[in-house]
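To keep things clear, I will list the structure first and then write my remarks on it.
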Amino acid sequence: MSRYITRLRMRRTYKWNGRPVGEDRKLKRKYYESMSISVEGKTEDATVSSGQYILIEGDDDDNPFVAQLHKLYTDDSGKKKTAVVQWFVRMCEVPQNKRKLLGRDPHPQEIFFYQDRSCDNEVDGETILGAVQIEYVPAENSFPEGKSKDILFVKLLWDTKSFKALDPELMQPPQSPKSPPPSSRGPQTRALPTPDLSVMKRAMSGTLTRGSMSTGKMNSSEAESLHSASKLSAAKALSAKRRSRASSGPHVRKKLDLCSPTKNVSRDDVLGEILDEHTEKTLTSKLNTSPTGRISISIRLTPLNLNEEERVFPLSSHSPDKPKLTAHDKDDATSVFLGVQSIGDDDPDSLINTSRTPRKREATPRRAGLRGLKARTPSRRKDSAALREPALAALAEEEHEDSPIQTAATPRSKRKSAQLVSSRIRKQLNVLGNKVDRLSDGDDDDDCFIPTKTDLQSSSDEEEEAKIDSEDELIVKKRRGSRTPRSTEKTRVTARTPRKTPIKKTAPATPRTPRHATPSIPSRSAPARKPGNVLEEARARLHVSSVPESLPCREQEFQDIYNFVESKVIDGTGGCMYISGVPGTGKTATVHEVVRSLQQSAEQDEIPHFHFIEINGMKMTDPHQAYVQILQKLTDQKATPDHAAALLEKRFSAPAPKKETTVLLVDELDLLWTRKQNVMYNLFDWPTRRNARLVVLTIANTMDLPERIMINRVASRLGLTRMSFQPYTFKQLQQIITSRLNRVKAFEEDALQLVSRKVAALSGDARRCLDICRRATEICEHSGSQKNGSGLVGMSHVMEALDEMFSSSYIAAIRCASVQEQLFLRAVIAEFRRLGLEEATFQQVFVQHQALCRVEGLQPVSVSEGLAVCQRLGSCRLLLLEGSRLDLFLRIRLNVSQDDVLYALKAD
Amino acid sequence: MSKRRSLTEAQCVSLAQKLLRERLCHQKLPDRPLALDSQYKHLLELLRRTAVHGESNSVLIVGPRGSGKTMLLGCVLRELMSLKEAQKNVLLVELNGLLQTDDKIALKEITRQLHLENVVGDKVFGSFAENLAFLLEALKKGDKSSSRPVVFVLDEFDLFAHHKNQTLLYNLLDVSQSAQTPVAVLGLTCRLDVLELLEKRVKSRFSHRQIHLFSSLSFAQYVDAVRAQLSLPPDFPDPKFSDAWNHSVTVHTQHTSRSVFTNKSYTQSLFLTSFSVRVSVSHSTLHEADLLEASRLISADSKAIILHGLSILELCLIIAMKHLNDTYDGEPFNFQMVHNEFKKFIQRKSHSIHKFEKPVVMKAFEHLLQLELVRPVDSGVCKVQREYQLMRLMLEHGQVMEALQRYPQCPTDVKQWALSAFA
């Protein structure tokens, strides 16, 4: 993708074009309309101006960040150029685990509108690489073919949780990037000053109010400004407001209400262009529908009517359900739809637009009647990104048969509406009543689309749940379900309906390049059998691999790590933590548990999102592979270790704005040791960078690893946040087993205690403990078939298992050795006694051996045989031998104590 | 003996030979492992659970060489594969520590045996790091209930423990302890201290199941085992021949296997009988002499055989060295000392032994050196003249004496000299 000239490391110089168009005295900022970028070696300068789509230098040279430039300003010193942007993301920037949510292969030139509150939207102006062309593709359309490679397409919106259809109004109307018409928008924007009060209120309360630009009343468009305002701190919002009042430039307001006024107007333009001849009809439809909506008693009925009506038309698709409801429908509404549809029939392109418009109209009143406007509020809280949800996807689905979604949505909004405050509704009703025209013209996008949006979201969620049983989705579902059982039910219905939308139809989560395609172990022909009896059940639960619901006995450690990571994630800072403990004490499990619960709360928007990656020193072939693995998990790029290190270095040190916190778990840290320790150094140095937002959790076995193997500068960066996991005590082990068994009665109390005491005394390794218990159930099962005991695992079984695992096998091996081997061992001991040393040569021992043979009345063995006997004992490691090359002068030592040998031989 | 009968007899002999060779040389699995019932059940149950329930396991089979580890495993796998539910489910990966000498080779071998290399497309094997990541990814993708269980057999398990960082073992055992593709890791080793070789993290992940195989056969059992191995099956086509054969086996094994039993493990007796099978071509039944001859061949001392091929001069040198060893109590000697000793002997017995020039004696000495009957003490000091380089005799006194006894036409003077330094 080196098509971007920006790839080349050329020096770029940035200059303002023209004079400042506005100034904020308070913040000492001067606003500019455009900026020119001159690149060394290029004759013509590139110019970027607000409204244009730009590329911004990122960590990945091949895929620079894409954004829409909203504002350009400089601080009072005039040196630092800052740009305010609306981000777009590429597929590769979407977290890997979420990519499957798209449900299809991303188009190589596809980008997504990025909606994330937590994301900083100010960037250094000098990181701008140049302009880029972005084209909006309606959701139901396929990507245009044959276009230039430089054009990027935007179709959907990514709100860090799901992909949604993008309302084109959220973007500026596609303008030719070379000549942005900011001036044309200027006067219109200026005509709509936002009242201070409303902004303040909104910023503080976070509730939705609608302030109409011209009148100062509440307007749905303010949802946008609320959204943008929420990105900023309250003070910023305030200052922005002031700015907007004071400034005369059109772009000045952009920061405050990113899209609302400007966009509305511009959208109007677009609509005007597209709809052109249909405008009149649309208007009438609006007028018609809005009273309908207000009058209609049952909200649900209205959409159903719509479906009914649409069914008539060949192009539209519908849910077969509930035709009876049509009776309630208003005639006028029907007629409006009919009209629109017929238009759509003529021209598929216009159908999309026109059909969308009427639907919006229709939706608005409907919701108003339902007190549905309130519905917006909870939904926005839950998911602010949803606000900008475009109706396009919904339209696309309308074309295919997805009307059940609509039906599902209506009750949802109704449900939500129940929680709404009545005063707000009234206000809304007022607004709606008064401003029908204006609303329908374009300001209504937020409110009117909400049902659509929720539809889409829910339906897509549901579908994803059906497809991939992703944990996140489950949580979402649970949350929803708990609130409203009814909606869950409804959405399930929708999930079942066959979906024809091209977006969702494609296979889930295909890797980007075939090179990444990793094969998996073929799946089995017959499914694994489930455990049949109590013992088997217990065994399955006791297997180390079975993930327990909770980790008992590590509450304190869990809390400490949780607090540490949570605080770092919330603050957006970085840090290191060192966790030590002997194997099998639950270090990795605890960290995973922490991450799991943090991810859960991130799902619920309690904390910002973060990216969790894990590397394991044992799972790489070389310490430097750590870079490669981290990079691959972060960005899905492949690189050589050196290159990866450079890229990561850049990533963590550059002030890339669109960064979420990365939580990096480094397991088996000691294996990342290199002579120069640069791997460790980097791992601990990155979190200290100002912009890194990296939290590193390291795990190793030894408590004093930093002191022992790290040089000072590494140990110092690791810091003093340390935690040590003590080996489990017998009580803890007992609790672990009990909690794992979870009321499956398979063990006698005493037996459990014996196991845990034994293991606690030896190592405190929980794995060992579980393994012994598992073995004991097996022994119990076998012996149970012979003599009918209690069916429980008792002391005897546990003892046997312990014996099997812990008893030394040397004595048994000596007892089972052949006569000559036993004789040889005796000869060794005799020779040791004679020499008074613990070592003898074979020759010496062999003499003893022959003597012993004669004493025992056996035929003396030859040297070759004697050596063979000696080697056999050596291969079992009863004897320690030197290389066999030494032949007669082979030195022999015992690997067992002499007493053990004598004991084993005597008992024989 | 009629012509017709001898013909059938020849056929019978060759058939019997074939049968026994299959058993003894081609490692045909017995129907049921002998005296290993509990171990057999344990292992089979373990593998069955992996195959049927998708439970991951790890186990070590420990036993001295020739105790039947591979045979046990073979029997268990055969039984496992005959189970209907396991038949098509289980993937088998066999590695040997002697072949896969490092993790890189082992990974490639695993990938190959799992038939994963085709999936990668044209690029069959990448770097070591890629391979590891690739395989781990593949194993990680599976889960307990849906993926086919993989049985990893690691022969010479202890050698895998010497690989760098024990990466392979760690990863295999880690998979067996986590909710990924179900695996059974079977290690075969003869080292009793194999667990001490494992690194602590690796050790913690190992389930500590060990199946010990010790041949605890009593003499009677042992004889029975040998007999069972040698006997012809009841469905042998010529019952008369097989009866005669089996009878001779029953009679003779009792006596001859006594000496074998005292010092040999089970397999060694099989070698013994493989000799006897060769013998059986000439005479149709097993004779005691055959067995004795076979056992003599097995227990023969390899160095004594070499000694028989030496010249008188070389033999004299060895006797001189033996005397030096006696005189200096095992201290090393050099050629000059040996030569002096030899010269003394020649002076005493000049009438019977040729006088040899020093270079000739040197030549004989170097021949001994080549045969490694004499070995330089430490090749560290190479600047010393050859005559003065310190040497050691690699022979036991008993070996020398025995060789002299059997040496054809050995001069009596030399024999006497061997018995006494002053003879």
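In what follows, every chain begins at residue 1, and chains take the letters A, B, ... in the order their sequences are listed.
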For chain A, which of Ala129(B), Pro64(B), Ser204(B), Ser207(B) has the most heavy-atom pairs under 4.5 Å?
->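 If we count pairs closer than 4.5 Å to chain A, Ser204(B) comes out on top.
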
Highest number of heavy-atom pairs under 4.5 Å with chain A among Lys203(B), Arg209(B), His397(B) belongs to Arg209(B)

Salt bridge present between [X] and [Y] (N-O < 4.0 angstrom):
{"X": "Glu137(B)", "Y": "Lys140(B)", "result": "no"}
{"X": "Glu537(A)", "Y": "Arg541(A)", "result": "yes"}
{"X": "Lys619(A)", "Y": "Asp667(A)", "result": "no"}
{"X": "Arg65(B)", "Y": "Glu156(B)", "result": "yes"}
{"X": "Glu402(B)", "Y": "Lys303(B)", "result": "no"}
{"X": "Glu778(A)", "Y": "Arg49(B)", "result": "yes"}
{"X": "Glu781(A)", "Y": "Arg539(A)", "result": "yes"}

Going by atom types alone, do Ser178(B) and Ser545(A) pair a side-chain donor with an acceptor below 3.5 Å?
->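 Checked: Ser178(B)/Ser545(A) side chains show no N/O donor-acceptor pair below 3.5 Å.
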
Between [X] and chain A, which part of the residue has a heavy atom less than 4.5 Å away: side chain, backbone, both or neither?
{"X": "Asn165(B)", "result": "both"}
{"X": "Ile211(B)", "result": "neither"}
{"X": "Leu169(B)", "result": "neither"}
{"X": "His212(B)", "result": "side chain"}
{"X": "Arg392(B)", "result": "side chain"}
{"X": "Asp103(B)", "result": "neither"}
{"X": "Thr189(B)", "result": "neither"}
{"X": "Val202(B)", "result": "side chain"}
{"X": "Glu372(B)", "result": "side chain"}
{"X": "Glu396(B)", "result": "both"}
{"X": "Leu132(B)", "result": "side chain"}

All salt bridge (charged side-chain N to carboxylate O under 4.0 Å, His left out) counterparts of Asp765(A), not counting sequence neighbours = Arg768(A)

Give me the ring orientation class for Phe824(A) and His849(A): parallel if the planes are under 30° apart, tilted from 30 to 60°, perpendicular past 60°.
-> tilted

Just say parallel, tilted or perpendicular for the rings of Tyr627(A) and His624(A), cut-offs at 30° and 60°.
-> tilted

Tell me, for [X] versus chain B, whether the close heavy atoms (under 4.5 Å) come from the side chain, the backbone, both or neither.
{"X": "Phe806(A)", "result": "neither"}
{"X": "Ala812(A)", "result": "both"}
{"X": "Gln859(A)", "result": "neither"}
{"X": "Val582(A)", "result": "neither"}
{"X": "Leu878(A)", "result": "side chain"}
{"X": "Glu668(A)", "result": "both"}
{"X": "Leu888(A)", "result": "both"}
{"X": "Met618(A)", "result": "both"}

Against chain B, work out which of [options] has the most heavy-atom pairs shorter than 4.5 Å and name it.
{"options": "Gln629(A), Glu804(A), Gln843(A)", "result": "Gln843(A)"}
{"options": "Arg774(A), Glu536(A), Gln850(A)", "result": "Arg774(A)"}
{"options": "Gly584(A), Ser875(A), Ala817(A)", "result": "Ser875(A)"}

Does the side chain of Tyr810(A) reach to within under 4.5 Å of the side chain of Asp193(B), using non-hydrogen atoms?
-> yes

When Glu45(B) is tested against each of His42(B), Lys41(B), Arg48(B) for side-chain hydrogen bond (donor to acceptor under 3.5 Å, both in side chains), which residue passes?
->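 Between Glu45(B) and the candidates, side-chain hydrogen bond (donor to acceptor under 3.5 Å, both in side chains) is satisfied uniquely by Arg48(B).
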
With sequence neighbours excluded, tell me which residues meet side-chain contact (heavy atoms from CB on, under 4.5 Å) with Ala589(A).
-> Leu551(A)

